[in-house]
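Okay, so here's the structure we're looking at.
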Amino acid sequence: MSKTTRDYNTISPSARSLLLMKGLTDIPYAREAAQLMMAPEPYIPDYSRTEPGFWARVVHFENRYHSIDQLLNGLPVKNILELSSGFSFRGLAVTRQQDVHYIDTDLPDLIVTKQRFTQALLENHPPLTGQLETLPLNALDEQQFSAVISRFAPGPVAVVNEGLLMYLDNQEKTALCNMIRGVLEKRGGYWITADVYIKRDRALEAFLPANDQLHNFFEQHHIHDNMFDSFEAAAAFFEEAGFVIDQEAQIDYTRLTAFDHLLKNTSPEILGRMRQGGRTQTTWRLKLP
């Protein structure tokens, strides 16, 4: 893989915004972590917001989180690596219940704070059933990637990620695919990615709040440009990279705590326009042919 001079730590500020948003949901540890983020000020979830675009976004990210759990549950895999996890505490939730080795990773600047949050969340709780490590990793650094994988015991690996591929251009996506394929060729396992985004109707951005910081951040990092042209194009990309689609996550709106807030704050006309925009994201479980 060719070396790059990109400063990937500039991606991390989006993780803070997403955490404060996820605190409005029942995603495990999101509310508690948001409180740690805001300390010493209190974190007070604001359910009084009325912007349809805001609640549509909360629904999206809540569903994206649960879609990975849906495809991870029941896999006969004891080794799990999460890439670019941000302030998601899936690893803590999983290892509390299951005897697995879960390595939770993100960029160095973020992971220091996350390690502190994880220790705080572990206080006054019974010991974990599994093993959790929270480690720094630039997912595009082949040497670092290999070193983290080597920490696992022999056996298949499940690699999971949400919120990574849209920050990468095609060359970087291909490099990541090559590293993950190499792991699965040696060990077996799966890659679960919630980053199958296609370029959307940008007219829907009119429903977002004015001067939306997260939207501005996405614009800065050319998120829309890095999305796939279509789901067919995404499938072709992963097939060319050596993967096949094993399963696709299904949306369960009854599972989403933010969905009622979206319905309450969205007129039938606006809801119809949102639905006309169609699906722009899905989560796939990939494996080798």
If hydrophobic clusters are built from ILVMFWY residues whose side chains come within less than 4.5 Å, do Ile111 and Leu92 share one? no

By side chain to side chain donor-acceptor pair (under 3.5 Å) - contacts of Ser146 (at least two apart): none

Quick one: side chain to side chain contact (heavy atoms under 4.5 Å, CB included) partners of Ile245, sequence neighbours excluded? Ala235, Trp284, Leu286

Check: Thr134 main-chain N/O paired with Gln115 side-chain donor or acceptor under 3.5 Å: yes

Using side chain to side chain donor-acceptor pair (under 3.5 Å) as the criterion, list what pairs up with Ser85, not counting sequence neighbours. Asp104, Lys114

Not counting sequence neighbours, which residues clear ring pair (Phe, Tyr, Trp, His ring centres under 6.0 Å) with Tyr29? List them please. none

Donor-acceptor pair, side chain of Ser84 and main chain of Asp106, under 3.5 angstrom: no

Test item: Lys173 side-chain N/O and Asn226 main-chain N/O as donor-acceptor pair under 3.5 Å: yes

Residues in side chain to side chain contact (heavy atoms under 4.5 Å, CB included) contact with Val112, at least two apart in sequence or another chain: none

Residue pairs passing the side-chain hydrogen bond (donor to acceptor under 3.5 Å, both in side chains) test with at least one member in residues 155-165, sequence neighbours excluded, are Arg64-Glu162, Arg90-Glu162, Asn161-Trp191, Asn161-Thr193, Asn161-Asp195

State whether a side-chain donor-acceptor pair under 3.5 Å links Thr282 with Glu248. yes

Residues that Arg31 engages under side chain to side chain contact (heavy atoms under 4.5 Å, CB included), provided they are two or more places apart: Gln35, Tyr43, Pro45, Tyr47

Mind checking what makes side chain to side chain contact (heavy atoms under 4.5 Å, CB included) contact with Lys78, not counting sequence neighbours? Asp99, Val100

In short, ring-ring contact (aromatic ring centres under 6.0 Å, His included) pairs touching residues 129-148 with sequence neighbours left out are none

Suppose the criterion is ring-ring contact (aromatic ring centres under 6.0 Å, His included): which pairs have a residue in residues 92-135, not counting sequence neighbours? Phe87-Phe117, His101-Phe152

Under a single-linkage rule joining Ile, Leu, Val, Met, Phe, Trp and Tyr whose side-chain heavy atoms are separated by less than 4.5 Å, which residues share a cluster with Ile27? Tyr65

Show me the donor-acceptor pairs, under 3.5 Å and distance only, between side chains in residues 263-270 and residues at least two apart or in other chains.
unit_1	atom_1	unit_2	atom_2	d
Asn265	ND2	His261	O	2.7
Thr266	OG1	Leu262	O	2.6
Ser267	OG	Ile270	N	3.2

